[in-house]
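Remarks on the structure that follows.
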Amino acid sequence: MKKYERAWLMKSEPCCYSIDDLMRDGVTPWEGVRNYQARNFMWRDMKVGDLVFFYHSNEKPSHIAGLGEVASEPYPDKTQFDPKDEYFDPKATKEKPRWFLVDVKFKEKFAEPITLPQLKLDPDFATLPLLQKGSRLSILPINSIHAELLVEIGRSV
DNA sequence: GCCAACGTTGGC
DNA sequence: GCCAACGTTGGC
């Protein structure tokens, strides 16, 4: 059996929610995803226990900061129902929620983050979805080969 | 701060 | 259902 059958990369801006926040909280609902493709990954494809790479975007440089894991079945994102919330969606109702999320649990923080330029230099990651042109999706799948390599690199320092 | 690449919205 | 206009993401 493969070590990491399904793995995911989840982006967050450290200003808003960083891996240190996750380390402090232990578990967090991954709120605020308002993109259907990203939602579908959480809704249909993620399974409890899947490995999560925690990515800090808009950093200098951006980097993979550590690991988490999927910690719940999908359920409706409560922020879509709250008119005062920045993620409020007037078209969503409790009977017909639009946005689903999963909980993410903290696993570990890398001593040295894996940076974006570093990944670009490594031919092993040429096909990594994160590095493809125009890849703006906030949740991306990571195949088992890449997952194993990334864990190795992250822990090797 | 700029801007390319996307995604979404809404008029028709 | 098309497509222009607009908004957002995220690297640089």
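Order of the sequence lines fixes the chain letters, A, B, ..., with proteins taken first and strands second; residue numbering starts at 1 for each chain.
The CD atom of A/Glu13 sits 8 Å away from the P atom of C/dT9 (whole-angstrom rounding). When the P atom of C/dG7 is taken as reference, atom CZ of A/Arg136 falls 14 Å away, rounded to whole Å. If you measure from atom CG of A/Leu137 to atom P of C/dG10, you get 9 Å, rounded to the nearest angstrom. For the pair A/Lys60 NZ and B/dC2 P, the computed distance is 14 Å after rounding to whole Å. In this structure, the CG atom of A/Asn35 is 18 Å from the P atom of B/dA5, given to the nearest Å. When rounded to the nearest whole Å, the span between CG of A/Leu9 and P of C/dG11 equals 10 Å. Regarding A/Asn58, its CG atom lies at a distance of 17 Å from the P atom of B/dA4, rounded to whole Å. Remark: P of C/dT9 and CG of A/Leu130 are 16 Å apart, rounded to the nearest angstrom.
Of the side-chain N and O atoms in A/Lys120, one or more sit less than 4.0 angstrom from OP1 or OP2 of C/dC12. Taking only side-chain nitrogens and oxygens, A/Lys11 comes nearer than 4.0 Å to OP1 or OP2 of C/dG10. When the side-chain nitrogen and oxygen atoms of A/Tyr87 are compared with OP1 and OP2 of C/dT8, none of them lie within a distance under 4.0 Å.
Within the 4.0 angstrom heavy-atom criterion, only backbone atoms of the sugar-phosphate kind lie near A/Gln37; the bases stay farther away. Using a 4.0 Å heavy-atom cutoff across all strands shown, A/Lys133 reaches sugar-phosphate atoms only and no base atom.
The side chain of A/Lys91 sits closest to B/dT9 out of C/dG10, B/dT9, B/dT8. Of the candidate nucleotides B/dG10, C/dG10, C/dG11, C/dG11 has the atom lying nearest to any side-chain atom of A/Ser62.
Ring geometry for A/Phe54 versus A/Trp30: interplanar angle over 60°, hence perpendicular rather than tilted (30 to 60°). Between A/Trp8 and A/Phe41, the two ring planes are tilted [angle within 30° to 60°].
Comparing A/Ser135 and A/Arg98 along DNA chain B, the residue whose closest nucleotide (by nearest heavy atom) sits nearer the 5' end is A/Ser135.
Classification of A/Glu5 and A/Lys47 as a salt-bridged pair fails, no side-chain N sitting under 4.0 Å from a carboxylate O. Taking the charged nitrogens against the carboxylate oxygens, A/Arg155 and A/Glu108 do have a contact shorter than 4.0 Å, which makes a salt bridge.
At least one cation-pi condition fails for A/Lys120 and A/Phe125: the charged atom is not both under 6.0 angstrom from the six-membered ring centre and inside a 45 degree cone around its axis.
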